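Quick note on labels: first sequence line is chain A, next is B, and so on, each numbered from 1. Please read these numbers as outputs of a predicted model, since none were measured by experiment.
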Amino acid sequence: MRIFGNIWNQFKEYLVLILLLLISVLFISRSDHPSVKNLKTTTFGAFAFVSSIFSDVLHTSGLKSENEKLRKQNAELMLEVNKLREFGIENVELKNLLSVKDTISYQLIPAKIISKSFSADQTTFTLNKGTNEGIKPGMAVITGEGLVGIIERSSEDFSLIRTLKHINFRVVVKDQRSRFQGILHWTGSQLIISNLPKTSEMKLGDRIITSELSSLIGQPFPIGIVKKIINPDEGYFNNVLIKPFVEIEKVENVFIVAVIPHKIKNSIELNFYNSNNR
Amino acid sequence: MKLDKILPVIYFIPLILIQVLIVPYFELNGIVPDLILILLVFYTLRYGQLYGIILGFILGALTDFSTGSILGSSMFTKTLSAFIAGYFYNENIVGTIIKSPIFLGIIFLTSLVNAIAFSLIANFDISFNIFSLLFDQGILPAVYTTIIASIVMIFSPKRSYI
């Protein structure tokens, strides 16, 4: 017993350190477990409630200048909408001629970012809308420029976005010009499409959008442009660096795309996501 | 004395609010200072290594819960950072270390370890670029955190704590 006492006195810092690091590693390895997810959702909801109160107070001061900016943006958008309406009418007419029916309807839910957590690997934002407004995990989050991320989890009144700059964010994308597809992910410092065959015909400046093949984001949302093609001498694959359209750090207001896809498509595609979240 | 030891957990609440609500306005290319780490190092230097390790674990857990990052990642890195900061604990200079440049050196070192460990845990990749790991994800956040710590150092009262 005395020996243990001596060991404890001599190495207590190391013993406690090892114990706590092991507990941390255990949590990391179990981070996708449903019970851990539930715990995180509950605590996140409580914290988001507190931060939303302070966020409202902070944002009140900037409302006047923001109002002016929004009025200007509103006028510009009105002109844009007019133009798009013309294209829309034309589009419907052409589709009718081709007997093509839309299988997807979009509903955009506006939301405000109330807090941001930056880190090189895991940039996450908290939104002021939750399940009460119909928001569910897996929904896409966009701005006028393009995709911001997806809803990771929601409490009743708040949601957490996993942004493009999160190492666990992965989405199937395609080159709008060449139609080549790949998986986009964040490395911690860069947004890349990795392991793209060298035969792919991507070029600098090509627009990258989400692919219909994605089980979560089945609509074509703009992501960014090809900034650099890394072509190693060895192997059969290239990596492609993407410059996102959305400046993730500057985003303040977003829209959540509450997609109501075709019933059958919905049940097939979202089953995968639901089964992973049970 | 006992209440004093719980204070950093209470200070955590306003600090994490500042971290997620105000600090993002001062981000530089996605890099932000880590206010929680400054609090942790400050109290580790005041009460010693063992206290710091436990505090690091608690503050890390609270950070993970409130920011939505991978549960366990901040727990791990903050515990490790406090362990390193604890090596510089010396009860004879507790009152003066906060006002000395050594404090900034400790903040830089622990912040560097914290940032690199966080990147390795959250995003371990065999093809990791060592330069990016050290510079973009290590040194830059560490420098930013050290700059903020220097402001804390300048404006902190001479003989009392926070």
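- More than 12 heavy atoms of other residues, nucleotides or ligands sit less than 6.0 Å from atom CG of Leu241(A).
- Counting heavy-atom pairs closer than 4.5 Å to chain B, the top residue among Lys12(A), Lys116(A), Gln190(A), Lys165(A) is Lys116(A).
- One N or O on the side chain of Thr124(A) and one on the backbone of Thr67(B) form a donor-acceptor pair closer than 3.5 Å.
- Of the two parts of Arg153(A), only the side chain, counted from C-beta on, holds a non-hydrogen atom closer than 4.5 Å to a non-hydrogen atom of chain B.
- In this structure, the portion of Leu160(A) lying under 4.5 Å from any heavy atom of chain B is its side chain and not its backbone.
- Rounded to the nearest 0.5 angstrom, Thr79(B) OG1 and Ile18(A) CD1 are separated by 12.5 Å.
- Contact annotation: the side chain of Phe57(B) approaches that of Ile23(A) to within less than 4.5 Å [non-hydrogen atoms, C-beta and beyond].
- Heavy atoms closer than 4.5 Å to chain B are found in the side chain of Phe47(A), but not in its backbone.
- Taking both residues in full, the closest heavy atoms of Val16(A) and Ile53(B) are given as CG1-CG2, 4.0 Å, listed atom of the first, atom of the second, then distance.
- Within 6.0 Å of atom CZ in Phe169(A), more than 12 heavy atoms from other residues, nucleotides or ligands are found, so the atom counts as buried in its surroundings.
- With a threshold of 4.5 angstrom between heavy atoms, Glu27(B) approaches chain A through side-chain atoms but not through N, CA, C or O.
- For Phe49(A), the CZ atom sits in a loose shell: 12 or fewer heavy atoms of surrounding residues, nucleotides or ligands are nearer than 6.0 Å.
- In this structure, Ile3(A) places its CD1 atom where only 12 or fewer heavy-atom neighbours from other residues, nucleotides or ligands lie under 6.0 Å away.
- Closest of all the heavy-atom pairs between Met75(B) and Ser24(A) is CB-OG, 3.4 Å.
- For Ile31(B), no part lies under 4.5 angstrom from a heavy atom of chain A.
- For the atom pair CD of Glu249(A) and CG of Leu28(B), the computed distance is 10.5 Å after rounding to the nearest 0.5 Å.
- We find the OG-CG distance between Ser117(A) and Leu21(B) to be 11.0 Å, quoted to the nearest 0.5 Å.
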